[in-house]
Engineer: 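Just dropping this structure here.
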Amino acid sequence: MSASRRIEKIAQHLLPSSNESGVMGNNVSGNKALRELVIRSQENPITAKPAIQGAEGIKAVVGKEIGVSDWLLITQERVDAFADATGDFQWIHIDPERAKAESPFGGPIAHGFLTISLAPFFLNEVMPKIEGIKAGINYGFNKLRFVSPVPIGSRLRCRITIQEVTEPTPGILQSILKLTFEVEGKDKPSAVAEWIVRYYV
């Protein structure tokens, strides 16, 4: 099943149909964070952007900023869902009252790995389709630093630059993407990373 078809199927379960009055069922209201990602994925299709033409096209944009994603609101609901999915129930993330009273950050903050986990979503918003590529594979990170916290209720975005493209073996392009995660109104980035993505041609 293609990624676009998978998004459509998820949307059928999470988004209200056209004949609904706008009042969603309980099963939908409990998935606001996921619903927003689905809506954004539908509104920002990769195919709507001018395509990069194969290996030479990727190499031509090395050193250039590919783009900056839209802002994404980081809610307590999103953080709680991430805690449920990963088993990371650290109180600085999921206990707002205790975090306000005891945390050095003055309130609850998002998991660092939640921030990084949004990289594919943000990449989808800014990266054009690459013609002639069979698949893109997450190959890991060279560098990753959590520079400053992401407070609950803040808005996050990602600035993406292609730093390097090499061909480690025939048929494989290896790109290094510089990711700079930014919190609205903050001077320091929340996280910086060098993400390795391999493309199979």
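Computed over heavy atoms, backbone and side chain alike; hydrogens, waters and symmetry mates excluded.
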Engineer: Given the rule that I, L, V, M, F, W and Y join up when any side-chain heavy atoms are under 4.5 Å apart, are Val62 and Leu173 in one cluster?
Structural biologist: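 Yes, it is one cluster - the side chains of Val62 and Leu173 are joined through contacts under 4.5 Å.
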
Engineer: Report the distance from atom CD1 of Ile58 to atom CD1 of Ile66, rounding to the nearest 0.5 Å.
Structural biologist: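 One finds 9.5 Å between CD1 of Ile58 and CD1 of Ile66.
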
Engineer: Which residues, ordered by chain and number, are linked to Phe89 in its hydrophobic cluster, where ILVMFWY side chains connect at heavy-atom gaps below 4.5 Å, directly or through other members?
Structural biologist: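 For the cluster that includes Phe89, the remaining residues are Ile94.
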
Engineer: Just grab all the salt bridge (Lys or Arg N to Asp or Glu O under 4.0 Å) pairs involving residues 161-173, residues at least two apart or on different chains.
Structural biologist: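 Sorted pair list: Lys59-Glu167.
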
Engineer: Nearest heavy-atom pair of Gly67 and Val126: which atoms, and what distance?
Structural biologist: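 Answer, listing the atom of Gly67 first, then Val126: C-CG1, 3.9 Å.
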
Engineer: May I ask you to test the Leu179-Val192 pair for a side-chain heavy-atom distance under 4.5 Å?
Structural biologist: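 Counting from C-beta outward, Leu179 and Val192 never come under 4.5 Å.
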
Engineer: Taking side-chain hydrogen bond (donor to acceptor under 3.5 Å, both in side chains) as the test, write out the residues that go with Asp84, two or more places apart.
Structural biologist: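 With neighbours one apart ignored, the set is empty.
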
Engineer: Check for me, please, whether Ile176 and Leu123 land in the same ILVMFWY cluster - side-chain distances under 4.5 Å, paths through other members count.
Structural biologist: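 No, because Ile176 and Leu123 fall into different hydrophobic clusters, even though each may have its own neighbours under 4.5 Å.
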
Engineer: If you round to the nearest 0.5 Å, how far is OG of Ser69 from CG of Asn124?
Structural biologist: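 Between atom CG of Asn124 and atom OG of Ser69 there are 11.0 Å.
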
Engineer: Identify every side-chain donor-acceptor pair in residues 101-120 under 3.5 Å, counting partners at least two apart or on other chains, and give the distances.
Structural biologist:
{"unit_1": "Glu102", "atom_1": "OE1", "unit_2": "Arg98", "atom_2": "NE", "d": "3.2"}
{"unit_1": "Ser103", "atom_1": "OG", "unit_2": "Phe105", "atom_2": "N", "d": "3.0"}
{"unit_1": "His111", "atom_1": "NE2", "unit_2": "Asp88", "atom_2": "O", "d": "3.0"}
{"unit_1": "Ser117", "atom_1": "OG", "unit_2": "Phe113", "atom_2": "O", "d": "3.4"}
{"unit_1": "Ser117", "atom_1": "OG", "unit_2": "Leu114", "atom_2": "O", "d": "2.7"}

Engineer: Just jot down the side chain to side chain contact (heavy atoms under 4.5 Å, CB included) partners of Pro168, sequence neighbours excluded, or say none.
Structural biologist: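 For Pro168, the residues satisfying side chain to side chain contact (heavy atoms under 4.5 Å, CB included) (neighbours in sequence not counted) are Thr166, Ile172, Gln174, Arg198.
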
Engineer: Taking all non-hydrogen atoms of both residues into account, name the closest pair between Val183 and Ser190 and its distance.
Structural biologist: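 Of all heavy-atom pairs spanning Val183 and Ser190, the closest is CG2-CB, 3.9 Å.
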
Engineer: Could you note down all residue pairs passing salt bridge (Lys or Arg N to Asp or Glu O under 4.0 Å) where residues 169-189 supplies at least one of them, sequence neighbours left out?
Structural biologist: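 Counting only pairs at least two positions apart or across chains, the salt bridge (Lys or Arg N to Asp or Glu O under 4.0 Å) contacts touching residues 169-189 are Arg155-Glu184, Arg157-Glu182, Arg159-Glu182.
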
Engineer: Could you go step by step and tell me if Arg78 and Leu72 meet the side-chain contact (heavy atoms from CB on, under 4.5 Å) rule?
Structural biologist: CA-CA 11 Å; Arg78 187 183 304 280; Leu72 179 68; 3.7 Å; yes

Engineer: Report yes or no: do Phe121 and Ile74 belong to one cluster of Ile/Leu/Val/Met/Phe/Trp/Tyr joined by side chain heavy-atom distances under 4.5 Å?
Structural biologist: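 Linked, Phe121 and Ile74 end up in one cluster.
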
Engineer: Are Val197 and Ile133 connected in a single hydrophobic cluster, I mean Ile/Leu/Val/Met/Phe/Trp/Tyr linked by side-chain heavy atoms less than 4.5 Å apart?
Structural biologist: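 Result: yes, single cluster for both.
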
Engineer: In chain order, what residues pass the side-chain hydrogen bond (donor to acceptor under 3.5 Å, both in side chains) check against Glu194, with sequence neighbours excluded?
Structural biologist: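 Only Gln163 meet the side-chain hydrogen bond (donor to acceptor under 3.5 Å, both in side chains) criterion with Glu194.
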
Engineer: Within the 4.5 Å heavy-atom criterion, are Ile52 and Met127 side-chain neighbours or not?
Structural biologist: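 Yes, their side chains come closer than 4.5 Å.
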
Engineer: Should Phe122 and Asp70 count as side-chain neighbours, where that means a heavy-atom distance under 4.5 Å?
Structural biologist: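 Not touching, per the 4.5 Å side-chain cut-off.
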
Engineer: Among pairs that include at least one residue of residues 161-184, which meet ring-ring contact (aromatic ring centres under 6.0 Å, His included), considering only residues two or more places apart or in two chains?
Structural biologist: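 Not a single pair qualifies under ring-ring contact (aromatic ring centres under 6.0 Å, His included).
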
Engineer: Side-chain donor-acceptor pairs under 3.5 Å in residues 136-154, sequence neighbours left out?
Structural biologist:
{"unit_1": "Asn138", "atom_1": "OD1", "unit_2": "Gly140", "atom_2": "N", "d": "3.0"}
{"unit_1": "Asn138", "atom_1": "OD1", "unit_2": "Trp195", "atom_2": "NE1", "d": "2.9"}
{"unit_1": "Ser148", "atom_1": "OG", "unit_2": "Pro189", "atom_2": "O", "d": "2.8"}
{"unit_1": "Ser154", "atom_1": "OG", "unit_2": "Pro151", "atom_2": "O", "d": "2.6"}

